[in-house]
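Input: a single structure, listed below in structure tokens.
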Amino acid sequence: MAQNEKFITNSIDRSELSFNDFKSIVINDYKIAFESRQASILGRREVLTGKAKFGIFGDGKEVPQVAMAKAFKNGDWRSGYYRDQTFAFATGISTIKEFFAQLYANPTDGADPFSGGRQMNCHFATKSVNQDGSWNDLTQIKNCSSDISPTGGQMARLVGLAYASKLFRNNKELEYLKNFSVDGNEVAFGTIGNASTSEGVFFEAINAAGVLQIPMAISIWDDAYGISVPAKYQTTKEDISEVLKGFQRDSEQPGYEIYKVKGWDYPALCEVYEKAIAVCRAEHVPVLIHVTELTQPQGHSTSGSHERYKSKDRLSWENEHDCILKMREWMLDSAVATEEEISEVEKDAKIFVRNAQKEAWNEFLDSIKPEQKQVVDLISGMAKHQPELAKISAQLASTADAQRREVFSAARKAIRLSAKNSSPERDEMLKWYQDQEALNEDRYNSKLHTDGNESPDKIEVINAVYDDLSKMVDGREVLNACFDENFERDQRLVAFGEDLGNIGDVNQGFAGLQAKFGELRITDTGIREMTIMGQGIGLAMRGLRPIAEIQYLDYLIFALNVLSDDLASLSYRTKGIQKAPVIVRTRGHRLEGIWHSGSPISMLLGSLRGMHLCVPRNMTQAAGMYNTLFRADEPAVVIECLNGYRLKEKLPKNVGTFTVPLGKAEVLEQGSDITVVSYGSSLRLVQEAAEELASMGISVEIIDPQTLLPFDTTHVCAASLAKTNKLLVVDEDVPGGASAYILQKILEEQRGYFSLDGQPKTLSAKAHRPPFGSDGDYFSKPSVDDIIETVYAMMHDANPAKYPSIFE
């Protein structure tokens, strides 16, 4: 067998292979590539004619993606970016019809199986979990983690997907997880554009994978541009594999295997991918394949033309080096196929893609047309009593290819304009609209959380148990005992972060546990917050239960892009077919100094919808929340109180099993005059203030929401406010930060506004971060004195005679 044939047929039993078999394989590869190109061309046209909103396509990358697909096996994972459509077609992850359904944002069940119409085209995902949250057998499918649009954003998750294979191979205690891995043989394939290798997360991920020595195969599609910006402005030496030569492994030092191949050279691509992935899979070393001399025939996206920024010489070169054209030339020169055979393939491909596009478009419209007709008929019926409504129904009826927003906008307008004209027809319209609201909620707003059988709100609530022998210990010891019992119970649990392993974290919550459970389960990492989070996401997507530690809450900012863009949106953007139950452990709140004051809660509230945000007031509550999360399957951030590790707490007898329900507020102290809501370390200050206020004749009811996402789902705050009629929110965040969120929840969502007899107040930190030192903390964040005086002033406003002004 010729060398070219050997690598092109790498998934076939070569001893049985004839030339006709080889020819069939090559022609099928060309067919896939050509169909993909036609999908790109037609997809762009659909956007420019207004049928779709925006499009970004994989034209120019077809041939290397066909070669990459040959090495991709069941159980493997992809973490790529939005130009991998040919790979998706070649592996069976997507059909061309599904590709177009996603382009049209069709939310009908099954039309866009990757995102339910929620993501733009070329954002693929495979079904990891069922509707009830149970896992599929991930070893029997070709897995694709859900794509995100931020350039380079896929790199952090890629590290975790590859790291999981290392744990499955080396930790024999995980062998029982048969549905997730076969001896850790799975490779995590990553793809990225050459310009996006300038992103910090790319370099962080490359370094992390080199340190960890994991089966990560990253392909860089290099077409020499980043939108309009050429490589000379992007990359030192204009060549990323040159830049990364220092990562090349040798006989003495571990590192990468680095390959470089031209993107239009079909046989060379097949050879390189077979060699690279074989090394990656067998030896568990990362590999980098730099695919150069690629083109982008249609430019970056449908929002512009590359003729504006590429020279005539460059455009001419791209025409000559188009990978499909070059593969065609090779097939003819090698006598693999004749001109007539290739032309027939191309003709059939154009027809096939056009039919797939038409079918996807018609199915999209067919899902809306019944609703359009119903609304036209309903408004026409209402027009019998109110003739001016006939214009609305006529306009909707004449709208060809109406989309759902146009249908519902017409219905809502008719309902509004008929508010003073009751009729049976209007009642029918209202009923139709209300029934549709539930359907649209599912189409466009559902699955922010997995909401499966292991949802946190379905975990049994078990109270902490104490007896006369229960010891008073440091708060850190409560956490340590909790982690110890849970790591003993569940082999899937792993923890990693800066200083977490050898010294047991900077506050000793993991002290001694690496020695007990080993370095594979409790691991130190470098200073690399983005890929610590990505490590957690990838592990969780592969069935493990990671605790990803960020040393201080302030440092979470370094990883906020990964958490917000990827983890928090994962369940929503896949409509529940993927999940990643990562627990992000960190510490914050009261301390001293600009970078250790740690309460940027509003930033998290605005960025992490889709995650649980736990703000325990002490380590016992933190342990109970961890116990809940260890048994649940949704991601969370747990912020431990930084100044609470050495405060004494009673150690529960069931420290590893008692649970604290998420979203359930707790009344810490009963009171009758005013409701004070706070969380975390500030609660101790509120409790201290309440003692002095009691001596002044003021009874304070103190409420700890315990979690901010979700917030007080049983409306404990509103019930308290109905009793006291006064509300103060004490918050360490900036003015208008988390306190504004809490007010919205209590006053608007819980309708607490109607219980007020005075202005609600917030007491927050200053607008700046606290300066260093105890005095800096005192003058920057709410103090006991601030709380006492604010509560007293509110009571003075209500009853000046009983509570005369302090400072007048």
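With sequence neighbours excluded, no residue satisfies side chain to side chain donor-acceptor pair (under 3.5 Å) with Arg751. For Tyr741, the ring-ring contact (aromatic ring centres under 6.0 Å, His included) criterion is met by no residue, not counting sequence neighbours. Here Tyr572 pairs with nothing under the ring-ring contact (aromatic ring centres under 6.0 Å, His included) rule; sequence neighbours left out. Looking at residues two or more places apart in sequence or on another chain, you find no salt bridge (charged side-chain N to carboxylate O under 4.0 Å, His left out) involving Lys761. Residues that satisfy the salt bridge (charged side-chain N to carboxylate O under 4.0 Å, His left out) test with Arg528, not counting sequence neighbours, are absent from this structure. Applying the salt bridge (charged side-chain N to carboxylate O under 4.0 Å, His left out) criterion to Lys653, with sequence neighbours excluded, gives Asp467.
Although no hydrogens or angles enter the test, the distance criterion places a donor-acceptor pair under 3.5 Å between the side chain of Ser79 and the main chain of Gln154.
Between Arg573 and Asp566 there is a salt bridge, since at least one side-chain N of the basic residue sits less than 4.0 Å from a carboxylate O of the acidic one. No salt bridge links Glu460 with Arg631; every basic N to acidic carboxylate O contact stays at or beyond 4.0 Å. A salt bridge is absent between Lys579 and Glu634: the closest approach of a Lys/Arg side-chain nitrogen to an acidic carboxylate oxygen does not fall below 4.0 angstrom. Salt bridge status for Glu549 with Arg587: present, with a side-chain N to carboxylate O gap under 4.0 Å.
Considering only heavy atoms from C-beta on, Asp499 stays 4.5 Å or farther from Asp505 through its side chain.
Relative ring orientation between His449 and His612 is described as parallel, the plane-to-plane angle staying below 30° on a 0-90° scale split at 30° and 60°. Aromatic ring pairs are classed by plane angle as parallel below 30°, tilted from 30° to 60° and perpendicular above 60°; the pair Tyr555 and Tyr552 is perpendicular.
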### Task
Could you check Asp712 against Lys745 for salt bridge (Lys or Arg N to Asp or Glu O under 4.0 Å), going step by step and ending with a plain yes or no?
CA-CA 9 Å; Asp712 185 15; Lys745 287 290 186 179; over 6 Å; no
### Task
Please step through salt bridge (Lys or Arg N to Asp or Glu O under 4.0 Å) for the pair Asp490 and Arg545, ending with a clear verdict.
CA-CA 9 Å; Asp490 190 345; Arg545 302 307 311 272; 5.3 Å; no
